[in-house]
Amino acid sequence: MAPSGESAENSAEGHAALLAEKRWLKILAGYRQPRAGRSAFELAVTVVPFVLFWAAAWAAVHYSFWPGLILVVPAAAFLLRLFMIQHDCGHGSFFARRGVDDWVGRTIGVLTLTPYDYWRRAHAEHHASAGNLDERGVGDIETLTIAEYSALSRRGRLAYRLYRHPAVMFGIGPAWLFIFKQRLPFGMMRSGALPWVSTMATNLAIALVAALLIWAVGIVPFLLVHLPTVLLAGAAGVWLFYVQHQFEETHWSKEPDWQFQHAALHGASHYDLPPVLRWITGNIGIHHVHHLSSRVPYYRLPEVLRDHPELADLGRITLMESLRCVKLVLWDEQTKRLVSFRDAARLAAVR
């Protein structure tokens with residue numbers, strides 16, 4: 001039986017949209033080749049300032065110049081940028097030589113307190129299933145539908161509200177994640193030896209580096225400088241990951257409707273940051289393009305928007321607009337958008 005006029009039209013539009021989204025994969029393949037010199041330069045201009053700001057913050061503590069502790073802020077910014085390089089290494093897109101990328105990523109992981117091979121595997125699962133309601137759980141911020149939240153017990157709803165509270169999400173959460181959770185391969189305890197080897201080797205390297213620094217500068221100055229540096233960088237990293245997927249018009253769907261290309265383009269935002277923040281965050285705000293082709297080096301993502309400006313408006317949110325994303329906590333399967341607890345209660349009352 002032939003489809004009706006309206007359904008046939010919708011089917012044709014959907015097919016055309018799918019073909020257009022697949023076309024981007026071929027286009028973006030032209031941006032996947034990194035430039036070795038540029039990659040080395042990006043690494044140098046991130047490592048050197050991080051070391052200098054960290055040392056300057058320590059010197060301020062050593063000479064009791066307490067206002068100098070403000071230098072942990074730029075130190076944290078460059079530590080965040082180091083994590084973005086580690087992130088590209090995990091995708092094999094920084095030097096495009098797997099051995100080099102892996103060892104650069106593992107070395108940076110000692111500074112970011114992130115076991116590289118364990119994180120790389122979890123992050124790959126996130127990329128493979130982002131926006132898929134049937135595949136939530138690994139590398140994601142937990143997101144419930146309105147129906148799922150309503151079906152919880154009172155204790156379950158309270159736990160979810162606490163989890164999604166900004167003080168937990170961007171305060172307690174990063175401390176728990178980077179200082180404690182990543183010391184064991186949670187979520188991959190039965191996934192073979194690699195997550196364990198990666199995590200334990202990183203823990204050992206962290207302990208050795210920390211012991212060396214404590215011997216050189218003292219335990220109190222070390223904690224006064226490095227602890228806030230890690231926590232600030234971690235909070236900023238969690239915020240970026242949050243905003244890049246937790247915005248009102250993001251995309252979630254179930255099988256068989258879920259399509260990788262559509263979820264990448266519409267389930268990740270274009271977080272349009274000011275130029276300085278864009279540089280510090282390694283252009284990770286161009287997240288929809290990154291999800292569509294994770295092998296594009298971060299320093300080539302602006303080239304994509306320059307050459308294909310039609311991508312710039314997809315999922316675009318500004319810095320000020322992103323502040324409103326904090327209250328978006330539940331997925332409404334009927335309106336296909338993220339809503340607040342208050343909006344969810346209002347919708348439930350009228351349905």
Side-chain angles (χ1 to χ4, degrees), residues 9-33 84 87-88 90-93 123-136 138-141 143 145 240-273 278 281-319 321-322 324-325 328 331-339:
E9 182 179 349
N10 290 339
S11 177
E13 289 177 355
H15 182 65
L18 183 59
L19 288 176
E21 288 164 357
K22 287 185 175 180
R23 177 177 64 91
W24 285 115
L25 293 174
K26 183 176 180 180
I27 292 172
L28 294 179
Y31 298 86
R32 290 173 57 171
Q33 185 60 40
M84 297 310 168
H87 168 264
D88 264 26
H91 286 293
S93 62
H123 192 64
E125 290 189 32
H126 160 69
H127 267 259
S129 61
N132 191 331
L133 285 171
D134 294 321
E135 298 291 339
R136 288 167 287 171
V138 178
D140 295 319
I141 289 172
T143 305
T145 66
L240 287 169
F241 186 78
Y242 181 94
V243 169
Q244 287 154 2
H245 293 282
Q246 301 284 314
F247 58 104
E248 184 174 5
E249 296 179 354
T250 189
H251 172 83
W252 288 90
S253 58
K254 294 181 178 180
E255 301 285 0
D257 296 326
W258 183 85
Q259 296 288 337
F260 171 80
Q261 294 87 355
H262 188 78
L265 281 174
H266 300 281
S269 67
H270 172 204
Y271 194 18
D272 197 359
L273 292 167
R278 203 178 305 150
T281 59
N283 300 310
I284 198 64
I286 310 175
H287 209 59
H288 58 324
V289 177
H290 166 67
H291 259 263
L292 192 58
S293 184
S294 61
R295 294 295 297 273
V296 176
Y298 73 71
Y299 52 79
R300 299 201 66 183
L301 290 172
E303 294 179 38
V304 176
L305 295 190
R306 180 198 66 198
D307 297 342
H308 305 283
E310 60 268 38
L311 289 172
D313 290 330
L314 286 179
R316 180 179 177 271
I317 54 174
T318 65
L319 182 60
E321 289 171 341
S322 71
R324 295 194 291 269
C325 294
L328 304 176
W331 178 250
D332 182 7
E333 292 186 273
Q334 294 189 29
T335 62
K336 305 296 183 185
R337 62 189 179 96
L338 278 178
V339 298

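These figures come from a predicted structure and were not determined experimentally. Every heavy atom of this structure was used, including side-chain atoms; hydrogens, water molecules and symmetry mates were not.
- By the salt bridge (charged side-chain N to carboxylate O under 4.0 Å, His left out) test, Arg324 is found to be paired with no residue, residues two or more places apart in sequence or in another chain being considered.
- Side chain to side chain, Tyr31 and Asp307 meet the donor-acceptor criterion of an N or O pair below 3.5 Å.
- Listed by chain and number, the residues in a side-chain hydrogen bond (donor to acceptor under 3.5 Å, both in side chains) with Arg136 are Glu148 (sequence neighbours excluded).
- Ring geometry for His123 against His290 counts as parallel: the plane angle stays under 30°, on a 0 to 90° scale with 60° as the upper cut.
- Counting only heavy atoms from C-beta outward, the side chains of Leu240 and His287 never approach each other to under 4.5 Å.
- Tyr299 places no side-chain N or O within 3.5 Å of a backbone atom of Asn283 that could act as its donor or acceptor partner.
- For the 3.5 Å distance criterion, the side chains of Asn132 and Ser129 fail to qualify, holding no donor opposite an acceptor.
- Checked against the 6.0 Å centroid threshold, His262 and His251 count as a close aromatic pair.
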**Report entry** Full working for side chain to side chain contact (heavy atoms under 4.5 Å, CB included) between Val289 and Leu265
**Finding:** CA-CA 7 Å; Val289 177; Leu265 281 174; 5.8 Å; no
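- Contact record, Ala130 with His291: CB-CE1, 3.7 Å, taken as the closest heavy-atom pair.
- A heavy-atom distance below 4.5 Å is found between the side chains of Glu248 and Leu328.
- Asp272 places no side-chain N or O within donor-acceptor distance of the main-chain N or O of Arg316, the cut-off being under 3.5 Å.
- Considering all non-hydrogen atoms of both residues, Trp258 and Ala128 come closest at CH2-O, 3.2 Å.
- For Trp24 against Glu310, the heavy-atom pair with the smallest separation is CH2-OE2, 3.3 Å.
- For the residue pair His126/His245, the side-chain donor-acceptor check at 3.5 Å is satisfied.
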Query raised in the report: Passes side chain to side chain contact (heavy atoms under 4.5 Å, CB included), Ile284 versus Tyr298? Steps please.
Result: CA-CA 7 Å; Ile284 198 64; Tyr298 73 71; over 6 Å; no
Query raised in the report: Does the pair Trp331 and Leu133 meet the rule for a side chain to side chain contact (heavy atoms under 4.5 Å, CB included), with working shown?
Result: CA-CA 10 Å; Trp331 178 250; Leu133 285 171; 4.1 Å; yes
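- Side chains of Leu314 and His270 form no contact here, defined as non-hydrogen atoms less than 4.5 Å apart.
- Between His127 and His91, the closest side-chain pair of non-hydrogen atoms falls below 4.5 Å.
- What you find for Pro297 and Ser93 is that their closest heavy atoms are CG-O, 3.3 Å.
- Counting non-hydrogen atoms of other residues, nucleotides and ligands closer than 6.0 Å to NZ of Lys336 gives a total above 12.
- Rounding to the nearest 0.5 Å gives a distance of 9.0 Å between CG of Asp140 and CD of Gln246.
- In terms of heavy-atom proximity, Val243 sits nearest to Ser269 at O-OG, 3.4 Å.
- Of the inter-residue distances, the one linking Ile286 atom CD1 with Arg278 atom CZ reads 7.0 Å to the nearest 0.5 angstrom.
- Here OG of Ser322 is found 5.5 Å from CD1 of Ile317. Values are rounded to the nearest 0.5 Å.
- Between Leu338 and Phe247 the shortest side-chain heavy-atom distance does not fall below 4.5 Å.
- Within 6.0 Å of atom CD in Glu249, 12 or fewer heavy atoms from other residues, nucleotides or ligands are found, so the atom counts as exposed in its surroundings.
- The pair Lys254-Asp134 does not count as a salt bridge, with every side-chain nitrogen at least 4.0 angstrom from each carboxylate oxygen.
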Report task. List the steps, then state whether side chain to side chain contact (heavy atoms under 4.5 Å, CB included) holds for Leu311 with Val304. Result -> CA-CA 8 Å; Leu311 289 172; Val304 176; 3.8 Å; yes
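- Of all the heavy atoms in Val296 and Leu28, the pair that sits closest is CG2-O, 3.9 Å.
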